[in-house]
Visitor: 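Dropping the structure in here first, questions after.
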Amino acid sequence: MLDISQYFPITNPTMIFFVVLCIILVAPIVMGKLRIPHIIGMVLAGIIVGKYGLNILERDSSFELFGKVGLLYIMFLAGLEMDMEGLRNDYRKVLGYGFLSFCIPFILTYFSCTWYLGYSPMASVLIGCIMSSNTLIAYPIVARYGLQKNTVTTLSVGASMLSLFIALVSMAALVGSATGGTGYAFWALFAVKFSAYCAVTVYVIPRVTRYFLRRYSDAVMQFIFVLSLLFLSAAASELIGLEGIFGAFYSGLILNRFIPTVSPLMNRLEFIGNALFIPYFLIGVGMLINVRLLFAGGDIIMIMACMVVFGTIGKALAAYLSAFVFRMHRLEGHFMFGLTSAHAAGAIAIVMIGMKLEVSPGQYLLDDGVLNGVVIMILFTCIISTIVTDNAARAIVLKEKQDKGANFEESKGDDEKILIPVKYPETCDTLLDLAIMMRNRRLNRGLIALNVVYDDEDAAYNQRQGQQLLKHVQQKAAAADVPVLPQVRLATNIANGINHAFKEYDCSEIILGQHIHDNSTRKFWGQFAQSIFHSLNRQIIIARCVIPLNTLRALQVAVPSRAELEPGFYRWLERLSRLTERLGCRIVFHGRSNTLEFITNFVQAKHKSMRAEYVEMEHWNGFISLAESIENHHMLVVITARQGTVSYKSAMERLPDELTRYYHKKNVMIIFPDQYGSQPDAMTFAAAQHTEQESLWEYMKKKITGKED
């Protein structure tokens, strides 16, 4: 009989990588049919192919390397995708839940280890640190359900990092105490190192990132640059005595506003992590688990049961108590418990520290029994965490759909269809980024990229150039999972070609670019823009951005009086709100008090997490004074109007001159709103109807008294 055991474990690097890829491919398929979360499939596959299973693969240096990268990647993505504005608003809740998430499991585990297992206080403290911290092993489930920006995710991730930080500091103090190194000097040195680490990273990383992103647009270079910052921050974190996962999460928080969630760069980061690094980490965790220990008897079962029961109960009490105090739904309590209850390779790292810590000659703080108990505990907590998180996330999504059913139905009837005319390579990327960030992702509609060339003797050459440009647009949009319909058209008049395409595809709006280096007033609108906004009555956006969009720090919006009476008022307001949220920057509205009241109601109803400010501007001439507050990393957004409309002012005729004179080489966006009755958003339509008659009456009084601005 053929003995195939001689061929295992596989040592050929090519075959090892092939087997791992097969697991990554097959495990989600099998688990999907069994209705089990995919993450459990990766861990179970690791158990099967590891040395404690069929011994197909050995946990060699590749699993050490990619597993470490995968763990750092999970924490980095958690920081990168966190709702920063929600974190600022709910930091008290995060602190409260974080302390509960550490203290309750720590106390329960400490006393159970002291009373039931008979461990020393130092050993019990170390095991308590293991169970009070946690690994966000179920975070990929959160991303799959699109709950990264949800408040409950912000609380769970923030609390996880706070409890981890306290556990790491406690562990460092324990190690120092065992080696005789604690005292005022120890804590003073640690405080100095930690403060220096936080200050340097907060000061250096944003400035280096802004400098790099403004000068290098190559996708590969940006990806490598971000990864370099991730691992540099993780390595620096280890140097000051904390685990690298803290540095990875911290770097993600710092880079949060530079990498929008809908950008191609974010898509690449998530793709490579979910496709390779994170599965490698999960498989490696499974390979550490020896299921046979469950049947070995002895103290292992007691140790494992003590940690699983009391540690898990502690995490559950912290989650449900916090949900009760914060008046959250029970489903959110389930979600918080599920996301914060798993332990992974980090727990083994802490145990290994205890096994190497000599408390007396020949006697170490922890023994092999604790190591084996922790390994089995990892399996049970991972299963509990993934199942609870998956069920809770699914239920939360369904509940949100039921609660906002009207909005979902309204979205299906939304007429959004964005047209992007592209002609110049230096502006097409900015226009595409704008469209991607302004589009409604829920509709999942593609963009229309148009290149119109003159029908003359150079038409064939210009068509080929246009096709190459549109191919570049398609590739960039594909990196963000946004479909693009490319169109190259011949026309005797460029403006007419754009108008015909706009009407043919029944577009809702158009985004045009403006020459960056053209500062002449006569050509301010470009060769065709003026003809386009006179012939189309739909929303037109003209943008000039001299720096990458993701390095903008504020939008300064100049809004004319009576803009709320225009049919397109809510359309441009919604587009700017999406842009602001996805860039993670501030937005400052300048306008009359009546108009600002409408904007405030809309923002509070639909975009509560947006960092919005409101500055009263009594007269449209105040628009010029804004130039003093516009910095290089700001964008001026001007809401203008076509002649003969309600919000039109004769001063708008001077707009090209004023922009050329006062805002030369600044980031500028000009919006011509819709001029016919498209439906405003349902949340604010009633409010608009309620106050429209009063606003019209105020307008008529000003006309009569001659006090119109």
Side-chain angles (χ1 to χ4, degrees), residues 64-82 84 87 94-95 98 101-102 126 129-130 132-137 139 157-176 179 181-182 186-209 224-259 269 273 277-278 281 284 340 343-354 356-357:
E64 293 284 344
L65 174 62
F66 285 104
K68 180 73 171 180
V69 173
L71 179 57
L72 296 178
Y73 225 95
I74 290 176
M75 304 310 297
F76 178 66
L77 289 178
L80 204 60
E81 297 174 334
M82 180 170 280
M84 296 301 294
L87 182 62
V94 171
L95 291 175
S101 186
F102 172 82
L126 194 62
C129 289
I130 294 174
S132 60
S133 62
N134 63 276
T135 303
L136 295 173
I137 197 169
Y139 188 78
V157 174
S160 296
M161 293 314 303
L162 182 59
S163 61
L164 172 65
F165 175 74
I166 299 174
L168 293 175
V169 173
S170 302
M171 185 184 68
L174 179 67
V175 173
T179 56
T182 53
F186 170 82
W187 290 110
L189 179 60
F190 176 80
V192 169
K193 291 191 295 184
F194 180 73
S195 301
Y197 167 77
C198 293
V200 170
T201 50
V202 166
Y203 181 82
V204 173
I205 289 181
R207 285 163 175 78
V208 172
T209 303
I224 298 301
F225 172 77
V226 170
L227 287 191
S228 300
L229 292 180
L230 157 63
F231 292 109
L232 177 62
S233 180
S237 176
E238 293 175 348
L239 285 177
I240 66 170
L242 295 175
E243 284 293 316
I245 52 179
F246 178 82
F249 176 76
Y250 191 57
S251 64
L253 289 180
I254 296 174
L255 291 172
N256 184 286
R257 66 166 311 276
F258 294 100
I259 307 177
L269 289 168
F277 293 139
I278 295 176
F281 163 70
T340 59
H343 304 270
I348 296 178
I350 297 177
V351 170
M352 296 304 295
I353 292 174
K356 296 175 183 177
L357 194 61

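For this chain, numbers begin at 1 and follow the sequence in order.
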Visitor: Locate the shortest heavy-atom distance separating G79 from N256; write the atom from each residue and the value.
Guide: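 Closest heavy-atom pair between G79 and N256: O-ND2, 3.1 Å.
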Visitor: Just do the side chain to side chain contact (heavy atoms under 4.5 Å, CB included) check on T135 and L164 with the steps written out, would you?
Guide: CA-CA 9 Å; T135 303; L164 172 65; over 6 Å; no
Visitor: Kindly determine whether I278 and L77 satisfy side chain to side chain contact (heavy atoms under 4.5 Å, CB included), including the steps that lead there.
Guide: CA-CA 11 Å; I278 295 176; L77 289 178; 4.3 Å; yes
Visitor: Rounded at 0.5 Å granularity, tell me how far CG in L136 sits from CE in M161.
Guide: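 Rounded to the nearest 0.5 Å, the CG-CE separation comes out at 7.5 Å.
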Visitor: Restricting to non-hydrogen atoms, name the atom on L162 and the atom on V94 that form the minimum distance, rounded to 0.1 Å.
Guide: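 So the two residues come closest at CD2-O, 4.0 Å.
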Visitor: Look up atom CE in M75 and atom CG in L71, then write down how far apart they are to the nearest 0.5 Å.
Guide: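 CG of L71 is found 7.0 Å from CE of M75.
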Visitor: Once rounded to the nearest 0.5 Å, what's the spacing between atom CD1 of I224 and atom CG of L229?
Guide: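 Reported value, rounded in 0.5 Å steps: 11.5 Å.
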Visitor: Does some side-chain heavy atom of V226 sit less than 4.5 Å from a side-chain heavy atom of F258?
Guide: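 Counting from C-beta outward, F258 and V226 never come under 4.5 Å.
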Visitor: What's the separation between atom CZ in F246 and atom OG in S251, rounded to the nearest 0.5 Å?
Guide: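 It is 10.5 Å, given to the nearest 0.5 Å.
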Visitor: For S237 and I240, which heavy atoms make the closest approach, and how far apart are they?
Guide: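 Reported closest heavy-atom pair: O-CG1, 3.1 Å.
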Visitor: Between I254 and P206, is any pair of side-chain heavy atoms under 4.5 Å apart?
Guide: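 They are in side-chain contact.
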Visitor: Could you give the distance from NZ (K68) to CD1 (I245), rounded to the nearest 0.5 Å?
Guide: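 Going from NZ on K68 over to CD1 on I245, the span is 7.5 Å.
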Visitor: S233 side chain to L230 main-chain N or O, any donor-acceptor pair under 3.5 Å?
Guide: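 No.
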Visitor: Could you go through V208 and F225, starting from their C-alpha distance and side-chain angles, then the distance that decides it, and tell me whether this counts as side chain to side chain contact (heavy atoms under 4.5 Å, CB included)?
Guide: CA-CA 10 Å; V208 172; F225 172 77; 3.7 Å; yes
Visitor: Shortest non-hydrogen contact from C129 to S170?
Guide: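 Nearest pair, atom of C129 first, then S170: SG-CB, 3.7 Å.
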Visitor: For the residue pair G67 and F281, what are the closest heavy atoms and their distance?
Guide: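 Smallest heavy-atom distance, with atoms named: O-CD1, 3.3 Å.
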Visitor: Just wondering, do F249 and V157 contact through their side chains at under 4.5 Å, heavy atoms?
Guide: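 Yes - at least one pair of side-chain heavy atoms lies under 4.5 Å apart.
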Visitor: For this output row, return yes or no: ring centroids of F277 and F76 closer than 6.0 angstrom.
Guide: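 When the ring centroids of F277 and F76 are compared, they turn out to be at least 6.0 Å apart.
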Visitor: Looking at S195 and V192, would you say the former's side chain and the latter's main chain have a donor-acceptor pair under 3.5 Å?
Guide: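 Checked: no pair found.
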Visitor: For the side chain of Y250 and the backbone of A234, is there at least one donor-acceptor N/O pair under 3.5 Å apart?
Guide: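 A pair under 3.5 Å: no.
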Visitor: Looking at every non-hydrogen atom in both residues, tell me the closest pair between L80 and I259 and how far apart they are.
Guide: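 For L80 and I259, the tightest heavy-atom pair comes out as CD1-CD1, 3.9 Å.
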